[in-house]
Amino acid sequence: MRKKTSYRGEYCGALHYLVGVAVDPADPDTVVVSATDGPWSAYSPRRAEVYVYRKTGLKPWEQAMSGLPQAKGTTVSQFATHAGEPGVIYAANNHGLFRSDDAGRSWKALDLPWPKPGLEDGVAALAYLPD
């Protein structure tokens, strides 16, 4: 049985290895994380199984995978936000770049050329630099 790890005293599924973290600029009580059960399943697409979770205020953690690739074969997502776009969160992983317009509840893939093989193993960081 997998161990559960707490964030603010609550459980984020059965996963305990958090990598990417984002806070909604419009609501600092809304947090999105990229989680898996350890580093061996975080970075290698052959072994990866990574989930995105979302938490708002005192509500429990919920999976937030709508519009994202299936967890199996997906490396950890890195996130970016900008105060000029409240409620918008960007996520990048080995499958591409995704945008959420609803603070991480759902995601849409952005039509962006994704260099191969360079990013097939995942993304180390993501930054949002507005025009």
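We use all heavy atoms of the structure for the numbers below, so side chains are in, but hydrogens, waters and symmetry mates are not.
The side-chain contact (heavy atoms from CB on, under 4.5 Å) check on Glu85 picks up Val88, Tyr90, Arg99, Tyr128, with sequence neighbours excluded. By the side-chain hydrogen bond (donor to acceptor under 3.5 Å, both in side chains) test, Gln63 pairs with no residue at all, sequence neighbours left out.
Summarising the geometry of Arg54 relative to Ala103, their closest heavy-atom pair is NE-O, 2.6 Å, with the distance given to 0.1 Å. The two residues Asp24 and Pro86 come nearest to each other via the heavy atoms OD1-C, 4.0 Å. A pairwise comparison of heavy atoms in Val50 and Thr36 identifies CG2-CB, 4.0 Å as the closest pair. For the residue pair Ala91 and Trp107, the shortest heavy atom distance occurs at CB-CZ3, 3.7 Å. Looking at every heavy atom in both residues, Ala22 comes nearest to Thr81 through CB-CG2, 4.2 Å. Between Tyr17 and Asp37, the closest heavy-atom pair is CB-C, 4.0 Å.
Distance OG/Ser41 to CZ/Arg46: 13.5 Å, rounded to 0.5 Å. Taking CG of Leu126 as the reference point, atom OG of Ser77 lies at 9.5 Å (rounded to 0.5 Å).
In this structure, Phe98 and Ile89 have side chains that are not in contact, with every pair of non-hydrogen atoms separated by 4.5 Å or more. Using a 4.5 Å heavy-atom cutoff, the side chains of Asp27 and Thr56 are in contact. For the pair Gln78 and Val19, the minimum side-chain heavy-atom distance is below 4.5 Å.
Of the possible polar contacts, none joining the Thr75 side chain to the Tyr43 backbone as a donor-acceptor pair under 3.5 Å is found. Side chain of Arg47 to main chain of Trp40: a donor-acceptor pair is present (N/O by atom type, distance under 3.5 Å, no hydrogens or angles).
Every pair tested for salt bridge (charged side-chain N to carboxylate O under 4.0 Å, His left out) that includes a residue from residues 104-113 fails, sequence neighbours excluded, so the list is empty.
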Derivation of the side-chain contact (heavy atoms from CB on, under 4.5 Å) call for Trp61 and Val33: CA-CA 10 Å; Trp61 287 100; Val33 299; 3.8 Å; yes
Test log, rule side-chain contact (heavy atoms from CB on, under 4.5 Å), inputs Thr30 and Val23: CA-CA 6 Å; Thr30 299; Val23 176; over 6 Å; no
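Hydrophobic clustering places Val21 together with Tyr51 (ILVMFWY residues linked when any side-chain heavy atoms are closer than 4.5 Å, directly or through intermediates).
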